[in-house]
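One structure is given here, and the rest of the page talks about it.
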Amino acid sequence: FQTEKKVVEVLGQLKERLSQHCPDCHEKVLARRLEGRYVNDKESRVLIWECPLCNALWRESRLNKPKFKQHGVVTHG
């Protein structure tokens, strides 16, 4: 029982850390992430987030930007 409780606690902390505020509905959500590339630009990597509540899309990460810049991810608008 203690192990199960610890797992639930860790998963809750992970969800909290990965959650973002939707720019449209302003709710804190665990957004769905889409990854793509621009046609004829193999070097690009574009991340787009989708709100599971209102289906809004955004490119600017609400997470720690340096982490994404380190991997060459395009996060500017």
Side-chain angles (χ1 to χ4, degrees):
F1 180 72
Q2 287 291 3
T3 303
E4 184 178 312
K5 186 176 179 181
K6 183 66 175 173
V7 168
V8 169
E9 181 182 325
V10 170
L11 289 177
Q13 291 170 353
L14 180 61
K15 182 179 178 184
E16 178 65 27
R17 189 171 58 89
L18 295 175
S19 292
Q20 303 179 55
H21 283 94
C22 172
D24 283 12
C25 72
H26 307 289
E27 294 292 326
K28 191 164 187 176
V29 297
L30 187 57
R32 295 181 213 135
R33 189 179 86 177
L34 304 162
E35 181 180 338
R37 301 192 187 287
Y38 290 109
V39 175
N40 297 327
D41 186 0
K42 294 179 183 179
E43 299 300 316
S44 68
R45 179 176 172 209
V46 180
L47 298 179
I48 301 170
W49 284 263
E50 179 183 30
C51 176
L53 301 178
C54 72
N55 297 319
L57 300 173
W58 65 91
R59 283 184 57 195
E60 188 70 27
S61 170
R62 304 308 194 258
L63 299 173
N64 186 3
K65 291 181 201 171
K67 172 182 161 188
F68 292 112
K69 289 179 181 176
Q70 171 185 334
H71 296 288
V73 176
V74 178
T75 58
H76 61 280

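- In this structure, the separation between CG on L14 and CG on L30 is 8.0 Å, given to the nearest 0.5 Å.
- Put simply, CD on E35 and CZ on R45 are 4.0 Å apart, with the number rounded to the nearest 0.5 Å.
- At a threshold of 4.5 Å between non-hydrogen side-chain atoms, the residues R32 and N55 count as touching.
- Annotation: the span from C22 atom SG to W49 atom CH2 amounts to 13.0 Å, rounded to 0.5 Å.
- For N40, the side-chain contact (heavy atoms from CB on, under 4.5 Å) test picks out no residue, with sequence neighbours left out.
- In terms of heavy atoms, Y38 sits closest to R59 at OH-NH1, 3.3 Å.
- Nearest heavy atoms, W58 versus P23: CE3-CD, 3.3 Å.
- Of the inter-residue distances, the one linking R17 atom CZ with K15 atom NZ reads 14.5 Å to the nearest 0.5 angstrom.
- Taking a 6.0 Å sphere around CD of Q13, one finds it holds more than 12 heavy atoms contributed by other residues, nucleotides or ligands.
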